[in-house]
*Asks:* 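Before we start, here is the structure in question, set down as structure tokens.
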Number of protein chains: 2
Amino acid sequence: MSLGMALEDYIETIYLLGGEKGAVRLTDIARRLNVRKSTVVDALKRLQEQGLAIHERYGDVMLTQKGVELASRVYERHITLYRFLSDVLGVDDVTASREACDLEHFVSSNTTSRLKKFLEFFNQCEKLKDLINTEFKEFLVYGRIPSICEKKEVKMITLKELKTGEEGVIKKVGCDASIRARLLAMGLVPGERVKVAKIAPMGDPMDIIIKGYHLSLRKDEAKCIEVELE
Amino acid sequence: MSLGMALEDYIETIYLLGGEKGAVRLTDIARRLNVRKSTVVDALKRLQEQGLAIHERYGDVMLTQKGVELASRVYERHITLYRFLSDVLGVDDVTASREACDLEHFVSSNTTSRLKKFLEFFNQCEKLKDLINTEFKEFLVYGRIPSICEKKEVKMITLKELKTGEEGVIKKVGCDASIRARLLAMGLVPGERVKVAKIAPMGDPMDIIIKGYHLSLRKDEAKCIEVELE
DNA sequence: ATGATATGTTAGATTAATCGAACAATCAAG
DNA sequence: CTTGATTGTTCGATTAATCTAACATATCAT
Ligand SMILES: [Mn+2]
Ligand SMILES: [Mn+2]
Ligand SMILES: [Mn+2]
Ligand SMILES: [Mn+2]
């Protein structure tokens with residue numbers, strides 16, 4: 001028996017108005033949400049019944065602790081959806097805002113957290129950001145998939161076979177569980193670039209560079225790490 | 001005065017049931033949507049009033065032309081959202097289906113078309129797909145941004161300065177409008193890979209390869225095309 | 001202090017969406 | 001053709017969300 005769309009919008013609005021200016025008046029809410037004051041009175045009554053807001057006759061409107069928690073969760077969904085629509089899809093501001101506020105009532109916390117992660121990834125992964133902001137935006141307008149999208153064919157070999165000075169991207173760490181765990185812990189995880197710094201006379205051990213750190217690997221270990229040459 | 005969420009779901013359901021099996025019975029709809037038959041009767045009455053469905057007492061339910069058009073638009077939104085939630089975000093099937101059917105009532109055609117484009121781009125751009133299916137999925141679980149995300153530093157030079165055998169990615173075509181238009185038309189657009197096949201004795205013209213085709217460019221033209229070396 | 005203006009409340013009504021219970025038509029076997 | 005199961009309809013009721021119109025209280029300026 002969670003709140004309906006409308007009530008969620010009321011607490012969200014109270015929450016935001018509270019942040020913008022100290023005291024929240026019923027009229028402010030009505031103005032913001034474009035409804036009649038009588039409608040707000042009704043909504044506040046119901047929020048009060050649910051222990052989410054406090055409203056004394058002719059007084060200010062406040063949210064309870066529980067109300068604030070719920071409101072901030074609603075708002076988080078709003079802002080997450082807004083960012084996605086606006087930053088990734090390039091939807092115009094007005095539409096993105098309106099739709100975010102419609103959609104926010106229907107995304108589960110699982111979906112929200114995935115979407116948040118997606119945005120985080122989008123913001124931190126230069127490569128993705130670039131692809132979206134340049135090639136995708138271009139695709140939106142001209143419908144052309146640029147050849148930069150094609151995967152260059154790649155040679156998959158094991159790390160052991162790399163020569164001094166060569167570099168590749170780790171694709172798989174396929175060793176036994178125990179060794180594997182150690183390697184992963186050292187930063188040898190899929191997606192990372194590795195470069196061979198030096199190889200000992202007998203090919204064992206080899207000195208590699210990953211994330212700027214030097215690491216020494218035994219033949220056995222290097223053998224089961226698959227890398228991709230670009 | 002568009003349809004409410006509920007009515008949109010009714011036409012969507014009728015549309016889908018119609019595709020699955022010839023005649024659609026009121027009971028089928030009730031079962032599918034988990035509502036009472038009396039509720040369906042009511043919904044059908046309203047759909048009929050809006051000229052979207054036809055339902056004669058004790059008979060089959062059918063959609064009008066207008067009904068089919070509307071229904072298929074609703075369903076398109078459904079499927080688009082579902083694909084995004086499922087394929088890109090990796091939301092589980094049950095959740096993705098449920099949420100797609102909730103969200104579908106609130107996305108504008110502008111947003112829908114952008115999302116469709118995004119999926120199309122996702123499916124055709126190997127690089128993006130790979131980034132999402134490998135690095136993003138990994139990020140979801142372990143929260144690590146892989147170094148593959150970092151933009152390698154790139155040298156920007158003009159196409160003219162490339163030597164035989166070298167290749168780069170077009171970043172900008174900065175010539176005068178008329179020349180520019182011709183170059184773009186020939187496929188020299190941002191995001192495309194170019195390779196220098198041969199350069200004439202005096203450096204003019206140069207023979208380049210783009211999308212597998214040979215193209216001959218004059219110095220003037222090559223001079224104002226910026227490329228990026230990976 | 002006394003209006004005018006702004007703010008808030010009440011009452012009564014509407015609309016979409018839903019339900020349950022009782023009733024009615026249709027259909028498939030026997 | 002009867003009859004029990006399936007299918008469909010009606011009716012009355014509820015709930016959330018909204019409105020209008022009339023009324024009430026508060027606040028601010030002169
Ligand atoms: Mn909202
Ligand atoms: Mn919102
Ligand atoms: Mn739906
Ligand atoms: Mn749907």
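Below, read A as the first sequence line, B as the second, and so on, with proteins coming before strands; counting in each chain starts at 1.
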*Asks:* For B:Glu56 and A:Gly4, find the nucleotide of DNA chain D closest to each by heavy atoms; which residue's nucleotide sits nearer the 5' end?
*Replies:*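 With B:Glu56 and A:Gly4 compared, the 5'-side residue is B:Glu56.
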*Asks:* Less than 4.0 angstrom from a charged side-chain N to a carboxylate O is my criterion; do B:Arg32 and B:Asp28 meet it?
*Replies:*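 Judged by the 4.0 Å cut-off on N to carboxylate O distance, B:Arg32 and B:Asp28 do not form a salt bridge.
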*Asks:* Using whole Å, report how far CD of B:Glu49 lies from P of C:dA17.
*Replies:*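 Interatomic distance, CD of B:Glu49 to P of C:dA17: 12 Å.
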*Asks:* For B:Asp92 and B:Thr95, which I'm curious about, is there any donor-acceptor pair between the side chains at under 3.5 Å?
*Replies:*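 The answer is yes; a qualifying pair exists.
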*Asks:* Drop me the distance from A:Leu33's CG to A:Thr13's OG1, to the nearest 0.5 angstrom.
*Replies:*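 With rounding to 0.5 Å, CG (A:Leu33) is 3.5 Å from OG1 (A:Thr13).
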*Asks:* How close or far is atom C1' of C:dA16 from atom NE2 of B:His105, stated in whole angstroms?
*Replies:*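 Spelled out: NE2 on B:His105 to C1' on C:dA16 is 14 Å.
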*Asks:* Is it true that B:Glu8 and B:Arg77 have a side-chain N and a carboxylate O under 4.0 angstrom from each other?
*Replies:*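 A salt bridge links B:Glu8 with B:Arg77.
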*Asks:* Please state how far atom CG in B:Leu3 lies from atom P in C:dT15, giving the value in whole angstrom units.
*Replies:*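 Going from CG in B:Leu3 over to P in C:dT15 covers 17 Å.
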*Asks:* Does one side chain, of A:Glu226 or A:Thr158, offer a donor that lies under 3.5 Å from an acceptor on the other?
*Replies:*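 A:Glu226 vs A:Thr158: no donor-acceptor pair found between side chains.
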*Asks:* Below 4.0 angstrom from OP1 or OP2 of D:dT18, is there any side-chain N or O of A:Tyr10?
*Replies:*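 Yes, because at least one side-chain N or O of A:Tyr10 sits under 4.0 Å from OP1 or OP2 of D:dT18.
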*Asks:* Output one line per pair: protein atom, nucleotide atom from nucleotides 25-28 of chain D, and distance, for all N/O pairs under 3.5 Å.
*Replies:*
unit_1, atom_1, unit_2, atom_2, d
D:dT25, O4', A:Tyr58, OH, 3.2

*Asks:* Atom pairs, N/O to N/O, protein against nucleotides 3-6 of chain D, distance under 3.5 Å?
*Replies:*
none

*Asks:* Are A:Glu138 and A:Arg144 within salt-bridge range, i.e. N to O under 4.0 Å?
*Replies:*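 Looking at A:Glu138 and A:Arg144, the cut-off is met.
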*Asks:* Identify all pairs in which a protein N or O lies below 3.5 Å from an N or O of nucleotides 21-23 of chain D, and state each distance.
*Replies:*
none

*Asks:* When you check the side-chain N and O atoms of A:Thr112 and A:Ser109, is any donor under 3.5 Å from an acceptor?
*Replies:*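 The answer is no; no qualifying pair exists.
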*Asks:* Starting from P on C:dA17, measure out to CE on B:Met5 and report it in whole angstrom.
*Replies:*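 In whole Å, C:dA17 P lies 10 Å from B:Met5 CE.
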*Asks:* Could you tell me whether A:Glu76 and A:Lys116 have a side-chain N and a carboxylate O separated by less than 4.0 Å?
*Replies:*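 Counted as a salt bridge, because a side-chain N and a carboxylate O are separated by less than 4.0 Å.
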*Asks:* Using a 4.0 Å heavy-atom cut-off across all strands, classify B:Arg36 as base, sugar-phosphate, or nothing.
*Replies:*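 Sugar-phosphate, no base atom in range.
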*Asks:* Indicate whether the side chain of B:His105 and that of B:Asp9 have a donor and an acceptor atom separated by less than 3.5 Å.
*Replies:*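 Per modelled atom types, B:His105 and B:Asp9 side chains form a pair under 3.5 Å.
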*Asks:* Honestly, is B:Lys117 close enough over A:Phe139, meaning NZ or CZ under 6.0 Å from the six-membered ring centre and within 45° of the axis?
*Replies:*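 Satisfied, under 6.0 Å and within 45°.
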*Asks:* Would you mind reading off the distance between B:Asp60 atom CG and C:dC27 atom P, rounded to a whole angstrom?
*Replies:*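 One finds 10 Å between P of C:dC27 and CG of B:Asp60, rounded.
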*Asks:* If you look at every strand shown and take non-hydrogen atoms under 4.0 Å, does B:Val40 touch a base, only sugar-phosphate, or nothing?
*Replies:*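 Touches nothing.
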*Asks:* A:Lys37 NZ to D:dT20 P: how many Å, rounded?
*Replies:*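 It works out to 12 Å between those atoms.
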*Asks:* When the distance from CG of B:Asp28 to C1' of D:dT7 is rounded to whole Å, what number comes out?
*Replies:*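 These atoms are roughly 10 Å apart.
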*Asks:* On DNA chain C, does the nearest nucleotide to A:His55 precede the nearest nucleotide to A:Asp42 from the 5' side, or the other way round? Give the residue.
*Replies:*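 Closest to the 5' end, via its nearest nucleotide, is A:His55.
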*Asks:* Quick one: do A:Lys171 and A:Glu228 make a salt bridge, cutoff under 4.0 Å?
*Replies:*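 Yes, A:Lys171 and A:Glu228 are salt-bridged.
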*Asks:* For the side chain of B:Thr39, counting heavy atoms from C-beta on, which of D:dT10, C:dT18, D:dT7 is nearest?
*Replies:*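 The listed nucleotide nearest to B:Thr39's side chain is C:dT18.
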*Asks:* Round to a whole Å and report the spacing from CD of A:Glu8 to P of D:dA16.
*Replies:*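 So the CD-P distance, A:Glu8 to D:dA16, works out to 14 Å.
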*Asks:* Under a 3.5 Å threshold, yes or no: a donor from one side chain and an acceptor from the other, between A:Tyr82 and A:Asp87?
*Replies:*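 The criterion, which ignores hydrogens and geometry beyond distance, is not satisfied for A:Asp87 and A:Tyr82.
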